[in-house]
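Each ligand, and each atom within it, is numbered from 1 in the order the structure gives.
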Amino acid sequence: MSIALVILAAGKGTRMNSDLPKVLHPIGQAPMLAHAMQSGAALEPARTVIVAGHGADAVARAVAEIDEDAQVVIQEEQLGTAHAVDQARAALAGFEGDVVVLYGDTPFVSPETLERMIEARKANDLVILGFHAADPARYGRLVMAGDRLERIVEFKEATDEERAISFCNSGLLACDAATLFDLIAAVGNDNAAGEYYLTDVVELAAARGLAVTAVACDESETLGVNSRADLAAAEAVFQAQARGELLEIGITLTAPETVFLAFDTVIGRDTVIEPNVVFGLGVTVESGATLRAFSHLEGCHVSRGAIVGPYARLRPGAELGEDSHVGNFVEIKNAYIGEGAKANHLTYIGDASVGAGTNIGAGTITCNYDGVMKHHTEIGRNAFIGSNTMLVAPVTIGDGALTASGSVITRDVEPGALALARAEQVNKPGRARKLFDMLKARKAKRDQETE
Ligand code: UD1
Ligand code: MG
C-alpha cells in the first residue's frame with residue numbers, strides 16, 4: 001500500500017527562545033526534522049509533505065537539502081493540529097493510500113514502531129500511536145474500551161478521572177487518506193483552546209462505526225523537544241543510541257561517552273575510536289581504521305587501516321587512502337592522501353593530492369590560498385617532502401622527488417629531482433664566540449650603571 005507522510009512543523013517553539021525555527025535545531029548535527037523524516041523514510045513513502053509555518057522559508061530550504069522530493073506546504077496561521085494536517089489536502093489530492101502523520105519535533109520514533117502502526121492499519125481504519133507515560137502531564141489521554149480507542153481527550157478538557165489515565169497520545173497516527181481528510185473536514189474548534197484538534201478525528205471515526213485502535217510504543221520514542229533543555233536531553237539520547245549501535249556492530253570505543261557522532265556517521269567494523277573524537281556530518285570510515293584521541297572529522301572518508309590523530313583535523317573533502325597516517329596537529333582539507341602516505345606532524349594539506357607512499361615532513365604547508373583564489377598542489381608517489389616545506393600552489397611535485405627542509409617551492413619539481421629552495425648556509429668561524437663576548441660585556445656595563 002502506498003504511504004504519504006505528513007510531518008507537522010509549523011509551530012513556533014516559543015520556549016526555544018530562538019530565531020531558528022524549532023524543527024531546524026540540530027540533533028547529531030542534523031535538523032531534528034531530518035530525524036523525523038528519516039524515521040518516516042523507512043516506510044518508503046510515495047509522498048512526503050512537510051507542513052511549515054514559522055520560519056517556513058528556512059524550513060523549506062532545509063527540507064530541500066534533506067529530500068528534494070519532499071513537498072512543503074504553508075500553514076499561515078497555527079489553528080491546531082487538524083488544521084495543520086488539512087494544509088496537506090491539496091498536495092495529496094488524488095493520492096490513494098495511507099497518510100502517516102508525524103511531528104517534526106518528535107525525532108525519535110523508530111521505523112519499527114511506524115511499521116507496527118501500518119500493520120495495525122490492516123485490521124483498523126484509524127491507528128493512533130500511544131505510550132504509557134511515567135508522568136502524563138499535559139498530554140492528551142487515550143480513552144480505551146478494550147482494544148478499541150473511543151476518543152482522545154486533551155488535558156485541558158479532561159475530567160479528573162480522565163487525567164488519571166496514563167496511556168497518552170503521541171500525536172502520530174495512520175489512516176487512509178480519503179477517510180482522514182473526510183474526518184478532518186468535520187473537526188470543529190469549540191474547545192478550551194479554540195483550536196482544531198486532530199485528536200477529534202478519533203471520536204468522529206468511532207461515531208461513524210470505523211475501527212479505531214492505539215498501538216503503544218516506548219515513551220523514549222515520543223520524546224518531544226520544546227526547550228533548550230529538551231534539546232540537550234534529545235542530543236544525549238541520540239548520542240547514547242548512536243554509540244550503542246557502533247558497539248553493537250563491532251567498533252571499539254574506549255570511552256564511548258566522550259565520542260560525539262553525527263546523524264549520518266558511518267563506521268566499519270573493527271575500527272578503534274579513542275576518547276574525545278568528534279564527528280561532523282558526512283564522515284565515512286572503513287573497517288580497521290584507528291581514530292586516535294582528540295581528533296575532529298567532518299565531510300571526509302577514511303579508508304581501511306588508516307591511522308588518524310591524536311589531535312588531527314579532517315575537514316570536508318579529506319580522503320585518506322588505505323594505511324595512510326595523519327598524525328598530531330595535522331589538518332587536511334579537500335585533499336587525497338594516497339595509500340600508505342604519511343603526514344605525521346604539524347602540517348596543513350589543503351586542495352591537494354598526495355601520491356601513495358609519500359612522506360610529508362613536519363611543518364609542511366600547502367600554501368593554497370593567494371588571498372583571492374584557491375590553488376591545487378599535486379604531489380606524486382613516493383616523494384619526500386622535507387620538514388617545513390612551503391608548497392606555493394599551484395605546484396606539482398613529481399614521483400620520487402625530494403624537497404629540502406625549509407624550502408619554499410614555487411616551481412614544479414620533476415620526478416626524481418631534488419629541490420633546494422632556501423638561502424645557502426654561510427658559516428663564520430669564531431663569530432659566535434665574539435658575539436657572545438660582546439653581548440656579555442654590554443650587559444655587565446648596564447648592570448653596573450643601574451646599581
Ligand atoms: C498534541 C496533541 C496531544 C498529544 C501531544 C503529544 C492535539 C490537539 N493534541 O498536543 O494529544 O498528547 O501533541 O506531544 O493534537 N502544529 C502545527 N500547526 C498547528 C499546531 C501544531 O504544525 O497549528 C505542530 C507543532 O509544531 C508540533 C505538533 O504539531 O510539532 C504538535 O503541536 P502542539 O501544539 O505541540 O500540540 P500539543 O498541545 O503538545
Ligand atoms: Mg507539544
*May I ask you to identify, for E154, whether its side chain, its backbone, both or neither come under 4.0 Å of ligand 1 on a heavy-atom basis?*
side chain
*Going through the checks in order, is the salt bridge (charged side-chain N to carboxylate O under 4.0 Å, His left out) test met by R151 and E162?*
CA-CA 11 Å; R151 60 200 172 87; E162 287 163 342; 2.6 Å; yes
*asked:* Any carboxylate oxygen within less than 4.0 angstrom of a Lys/Arg side-chain nitrogen, looking at D182 and R208?
replied: yes
*Answer side chain, backbone, both or neither: which part of L79 comes under 4.0 Å from ligand 1, heavy atoms only.*
backbone
*Under 4.0 Å from atom 11 (O) of ligand 1, is there any protein heavy atom?*
yes
*Consider ligand 1: state whether an atom of it lies below 4.0 angstrom from any non-hydrogen atom of G80.*
yes
*Look at atom 18 (N) of ligand 1 and say whether a protein heavy atom is found at less than 4.0 angstrom from it.*
yes
*With distance as the sole test, does N169 use its side chain to make a donor-acceptor pair with the main-chain N or O of G171 at under 3.5 Å?*
yes
*Residue-ligand contact H83/ligand 1, heavy atom below 4.0 Å*: no
*asked:* Heavy-atom distances under 4.0 Å decide this one: backbone, side chain, both or neither, for S170 against ligand 1?
replied: backbone
*Is the shortest N/O to N/O distance between N169 and ligand 1 below 3.5 Å?*
yes
*Using distance alone, determine whether T199 and ligand 1 share an N or O pair under 3.5 Å.*
no
*Take atom CZ in F167; do more than 12 heavy atoms of anything else shown fall under 6.0 Å from it?*
yes
_Run D351 and K374 through salt bridge (charged side-chain N to carboxylate O under 4.0 Å, His left out) and show every step you take._
CA-CA 8 Å; D351 302 310; K374 300 279 171 68; 5.2 Å; no
*So, is G11 polar-close to ligand 1, with some N/O to N/O distance under 3.5 Å?*
yes
*asked:* H296 vs E298, test: side-chain hydrogen bond (donor to acceptor under 3.5 Å, both in side chains). Steps then yes/no.
replied: CA-CA 7 Å; H296 189 283; E298 181 186 4; 4.8 Å; no
*Is the number of heavy atoms from other residues, nucleotides or ligands under 6.0 Å of N189 CG greater than 12?*
yes
*Among T364, I365, I409, the one residue meeting side chain to side chain contact (heavy atoms under 4.5 Å, CB included) with M390*: I365
*Single hit among T271, I267, T252 for side chain to side chain contact (heavy atoms under 4.5 Å, CB included) with L246*: I267
*Short N or O distance, G140 and ligand 1, threshold 3.5 Å exclusive*: yes
*Please determine if Y103 has a nitrogen or oxygen closer than 3.5 Å to a nitrogen or oxygen of ligand 1.*
yes
_Looking at ligand 1, would G224 count as a contact under a 4.0 Å heavy-atom criterion?_
no
*Does V51 reach ligand 1, in the sense of a heavy atom lying below 4.0 Å from it?*
no
*Is G171 close to ligand 1, meaning an N/O of one under 3.5 Å from an N/O of the other?*
no
